[in-house]
**Q** 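Before I ask anything, let me first share the structure, which is written out below as structure tokens.
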There are 2 protein chains.
Amino acid sequence: MEDKNSNKQTRQQTTIADIAKLAGVSVSTVSRVLNNSTEVSKTTKKKILKLIKEYDYTPSELARGLVTKTSKTIGLLIPNLLNPYYVELIESIEKFVSSQGFSLFLCITDAKEEKEKYYINEMLRRRTNGLVMLSTNIKDHDLIKKVKKSMEIVSVEADIEDVDKISVTNEKGTYDVINHLIEYGHKDIAFIGYRFSLSGLQQRFTGYQRAMEEHSIPIRPEYVIEGEGTGNSGYTMTQRLLELPNPPTAIHCMNEHLAVGTYLAINEYGLRIPQDISVTAFDNLASSNILKPRLTTAAMPIREMGEAAADLLIRNILEGSKQVKQEIIFSTKLILRESTRRLDCP
Amino acid sequence: MEDKNSNKQTRQQTTIADIAKLAGVSVSTVSRVLNNSTEVSKTTKKKILKLIKEYDYTPSELARGLVTKTSKTIGLLIPNLLNPYYVELIESIEKFVSSQGFSLFLCITDAKEEKEKYYINEMLRRRTNGLVMLSTNIKDHDLIKKVKKSMEIVSVEADIEDVDKISVTNEKGTYDVINHLIEYGHKDIAFIGYRFSLSGLQQRFTGYQRAMEEHSIPIRPEYVIEGEGTGNSGYTMTQRLLELPNPPTAIHCMNEHLAVGTYLAINEYGLRIPQDISVTAFDNLASSNILKPRLTTAAMPIREMGEAAADLLIRNILEGSKQVKQEIIFSTKLILRESTRRLDCP
DNA sequence: TTGTAGGCGTTATCAT
DNA sequence: ATGATAACGCCTACAA
């Protein structure tokens with residue numbers, strides 16, 4: 001009765017050789033029914049299948065990967081999970097990827113370079129077949145080149161040299177929303193956001209700038225705030241705006257995660273949307289349905305984008321990637337709802 | 001210049017044998033410096049290290065796992081990602097797991113049995129070393145037994161035969177909050193939630209029942225609503241409560257994800273928290289900071305729980321699991337903030 | 001300190 | 001239709 005409190009050694013799995021011996025055939029035959037490559041006689045096939053079930057035999061993807069040189073595995077590099085945008089993206093990626101028999105390594109980087117490197121190295125070791133990077137900017141191009149030698153890469157939103165990219169018309173989307181506000185008579189339009197350094201997000205700010213410029217509306221520096229990508233930060237930034245001597249008549253949120261905070265702050269100040277202040281954003285998340293009045297926003301097709309990213313990646317894995325950088329840009333659509341109001345005619 | 005638009009065949013990696021040949025030593029020597037097991041002479045070690053760097057050699061975890069019988073991989077089985085509670089849990093698990101050199105397979109099941117089976121089988125094939133199940137109830141005990149034969153398992157919140165479990169005092173936590181409401185003079189206390197069938201969540205309802213019973217307050221069936229685990233559902237359920245001929249004076253939300261919807265619905269009805277209606281919940285999420293007035297809640301130590309789950313799992317993987325079912329129960333703590341009000345003295 | 005040889009669980013290429 | 005046998009990339013005694 002030694003070792004009664006440890007079952008580590010019981011981890012002995014049945015192998016293809018066991019099944020072969022049991023069936024009185026060679027491993028190759030078993031392998032054949034496993035991958036139904038060549039034809040195997042009905043009777044032996046049936047016998048083998050029965051044994052496989054009986055002994056709960058599960059082929060080792062490790063061993064198989066060693067010879068086929070594929071792990072059917074994809075790494076998902078992502079700064080964090082707290083933005084619902086990420087969640088929608090991940091869920092759509094997961095759905096597609098699993099439908100193709102691939103598995104996902106979850107790599108949360110906290111946007112820390114150190115953690116990014118750790119995980120990339122980990123993927124290299126595990127012979128991951130593909131890498132999808134969400135909102136992560138890798139500046140180290142040598143690293144990218146090294147990674148590209150051993151797996152396919154696709155980036156969502158971040159622009160990286162030689163890396164296929166899925167993105168959305170960030171600039172135009174924001175431009176359209178701001179334009180809408182301006183048409184409604186707004187001039188005091190604030191812009192709150194974060195990580196202006198990330199190419200996709202930067203473009204959103206550019207859209208704001210362009211719309212303002214084209215209408216010769218000077219941008220007041222106190223109306224542009226860069227915080228963090230959390231609802232809390234949206235809340236704080238909005239507070240700062242509302243405390244201003246002359247607060248804006250409209251606030252545009254770089255994304256809807258911030259907008260939740262904006263709504264709550266405005267509520268707390270006893271102001272009404274859109275009567276007292278207009279609010280717009282970017283994303284069109286399912287979870288934003290909760291906001292009342294319903295948010296006017298630049299809608300991006302998040303789930304389609306996630307699926308496109310996964311699709312492109314897997315196709316590249318299976319068929320080999322093109323030498324030229326692929327880029328798929330989705331269009332935003334301005335969705336007018338009830339969170340904005342004309343200034344001139346109340 | 002053939003094959004210019006495919007680089008599939010360039011996937012040839014350098015192996016330990018390459019390095020050995022280059023260094024003029026045997027593979028075992030290279031292996032030794034890789035795992036620095038036995039001592040290797042300074043000079044050859046240095047030479048090998050140099051070559052490894054020069055050729056970007058990365059050992060294959062697949063091949064290594066084949067012989068060491070460990071993939072250093074853990075599966076994360078989870079219904080979805082839209083509850084911020086999951087997000088906090090996952091982030092803490094990821095942190096611990098990665099600090100131990102393990103990687104995480106993300107398995108989103110949508111609470112569908114079919115998807116659960118798919119992923120469990122996938123883990124079996126990949127020789128995953130451990131499985132952490134978040135809020136998922138597997139009834140098929142034969143399946144569990146089969147899985148336990150090849151990996152360690154830990155469950156968070158769900159009670160499964162023979163599976164180690166991390167949980168929290170769900171019943172007491174809810175009981176305490178409801179008690180607090182009753183002490184404040186409330187009798188018309190509503191309870192909104194979802195998935196009452198999941199053991200942990202069921203316990204929360206039991207806590208509500210017990211508190212009411214002990215104070216001889218009959219539970220009005222229209223005050224108990226089972227919906228879904230989304231903010232939207234919280235919003236809808238709250239609406240239903242507010243439309244009642246005699247709406248409750250307090251609403252307890254099974255978790256804080258629902259509470260966001262509750263807050264918004266109440267706001268929309270022009271009611272004030274806590275003046276017109278009291279609101280309580282369960283969780284104490286960081287993201288709930290956003291709710292104003294700040295939410296009175298039964299706090300659970302989510303991140304500690306995630307870490308405990310990962311810790312227990314990895315310890316079991318490394319040292320072998322105990323034969324007896326382990327169970328770690330964390331305590332809730334009632335946190336009084338500003339979302340409740342005494343009925344008697346306004 | 002270092003090398004040799006066998007094995008990990010599969011697939012793949014030949015034969016038969 | 002089936003069987004040997006050689007990889008795949010690495011680790012680990014056992015020898016030297």
Side-chain angles (χ1 to χ4, degrees), chain A residues 8-9 11-49 51-52 55-73 101 124-129 150, chain B residues 9 11-49 51-52 55-73 122-129 150:
Chain A
K8 244 199 123 184
Q9 67 293 339
R11 285 289 124 95
Q12 188 62 352
Q13 309 255 12
T14 76
T15 74
I16 195 174
D18 298 333
I19 300 294
K21 183 173 298 177
L22 255 15
V25 298
S26 75
V27 289
S28 349
T29 303
V30 179
S31 176
R32 281 182 189 107
V33 346
L34 248 29
N35 310 292
N36 51 327
S37 43
T38 330
E39 270 321 298
V40 178
S41 84
K42 292 269 183 206
T43 52
T44 53
K45 183 169 183 174
K46 183 167 289 181
K47 189 199 301 177
I48 290 173
L49 251 19
L51 286 167
I52 286 178
Y55 285 81
D56 271 339
Y57 165 67
T58 314
S60 162
E61 218 43 71
L62 297 186
R64 167 176 286 176
L66 194 58
V67 25
T68 63
K69 287 180 169 333
T70 169
S71 59
K72 299 219 91 180
T73 250
L124 255 14
R125 299 175 69 90
R126 293 171 190 283
R127 299 299 190 259
T128 292
N129 295 138
S150 72
Chain B
Q9 67 296 340
R11 285 289 125 92
Q12 188 61 352
Q13 310 253 12
T14 76
T15 74
I16 195 174
D18 298 331
I19 300 294
K21 184 172 295 175
L22 255 14
V25 297
S26 74
V27 290
S28 16
T29 303
V30 180
S31 174
R32 282 180 189 107
V33 346
L34 248 29
N35 310 292
N36 51 327
S37 44
T38 329
E39 272 322 297
V40 178
S41 84
K42 290 272 183 205
T43 51
T44 53
K45 182 169 184 173
K46 182 167 291 180
K47 189 198 303 175
I48 289 173
L49 252 18
L51 286 167
I52 286 178
Y55 285 82
D56 272 340
Y57 166 66
T58 314
S60 162
E61 216 46 69
L62 297 187
R64 167 176 286 178
L66 194 57
V67 23
T68 62
K69 283 174 170 336
T70 169
S71 59
K72 299 217 91 181
T73 250
E122 207 59 28
M123 292 184 219
L124 254 14
R125 299 176 70 91
R126 294 171 189 283
R127 300 298 191 258
T128 293
N129 295 138
S150 72

**Q** Just wondering, do B:Ser71 and B:Glu61 contact through their side chains at under 4.5 Å, heavy atoms?
**A** no

**Q** Do A:Gln13 and A:Asp56 have side chains that get closer than 4.5 Å, going by heavy atoms?
**A** no

**Q** Between C:dG9 atom P and A:Asn35 atom CG, what is the distance in whole Å?
**A**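 After rounding, the gap between these two atoms is 17 Å.
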
**Q** Using every non-hydrogen atom in the two residues, find where B:Ile48 and B:Ala23 come nearest and quote the distance to one decimal.
**A**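 Looks like CG1-CB, 4.0 Å.
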
**Q** Between A:Thr68 and D:dC8, does any side-chain N or O lie under 4.0 Å from OP1 or OP2?
**A** no

**Q** Any side-chain heavy atom of B:Tyr55 sitting closer than 4.5 Å to one from B:Leu22?
**A** yes

**Q** Under 3.5 Å, is there a donor on one side chain and an acceptor on the other for B:Thr68 and B:Thr70?
**A**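 Side chains of B:Thr68 and B:Thr70: no pair found under 3.5 Å.
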
**Q** Just how far, in rounded Å, is C1' of D:dC10 from CG of A:Leu62?
**A**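 One finds 12 Å between C1' of D:dC10 and CG of A:Leu62, rounded.
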
**Q** Please determine if a side-chain N or O atom of B:Thr44 lies less than 4.0 Å away from the OP1 or OP2 oxygen of C:dT1.
**A**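 Checking B:Thr44 against C:dT1: no side-chain N or O falls below 4.0 Å of OP1 or OP2.
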
**Q** Which of the following nucleotides, D:dC8, D:dC10, C:dC8, is nearest to the side chain of A:Leu66?
**A** D:dC8

**Q** Whole angstroms only, please: what is the CZ-C1' distance between A:Arg125 and D:dG9?
**A**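 A:Arg125 atom CZ is separated from D:dG9 atom C1' by 13 Å.
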
**Q** Nearest heavy atom decides the nucleotide; on that basis, is A:Lys45 or B:Tyr57 closer to the 5' end of DNA chain D?
**A** A:Lys45

**Q** Quick one: is A:Ser41 getting a side-chain N or O under 4.0 Å of the D:dT2 phosphate, OP1 or OP2?
**A** yes

**Q** Output the rounded distance in Å from CG (A:Asn36) to P (C:dT11).
**A** 12 Å

**Q** Whole angstroms only, please: what is the CD1-C1' distance between A:Ile16 and D:dG3?
**A** 13 Å

**Q** Please state how far atom CZ in A:Arg127 lies from atom P in D:dC10, giving the value in whole angstrom units.
**A** 6 Å

**Q** Report yes if the side chains of B:Glu122 and B:Thr128 come closer than 4.5 Å at any heavy-atom pair, otherwise no.
**A**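 They are not in contact (no side-chain heavy atoms under 4.5 Å apart), so the answer is no.
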
**Q** In residues 25-33 of chain B, which residues come under 4.0 Å of DNA chain D by heavy atom?
**A** B:Ser28, B:Ser31, B:Arg32

**Q** Do B:Arg126 and A:Thr73 come within less than 4.5 Å of each other through their side chains, counting heavy atoms only?
**A** yes

**Q** Classify the nucleic acid contact of A:Thr58 as base, sugar-phosphate or nothing, counting any heavy atom under 4.0 Å across all strands shown.
**A**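 Answer is sugar-phosphate: A:Thr58 comes under 4.0 Å of backbone atoms only.
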
**Q** Tell me the interatomic distance from B:Ile19, atom CD1, to C:dG3, atom P, rounded to whole angstroms.
**A** 15 Å

**Q** Could you tell me how far apart B:Lys42 (NZ) and C:dT2 (C1') are, to the nearest whole angstrom?
**A** 17 Å

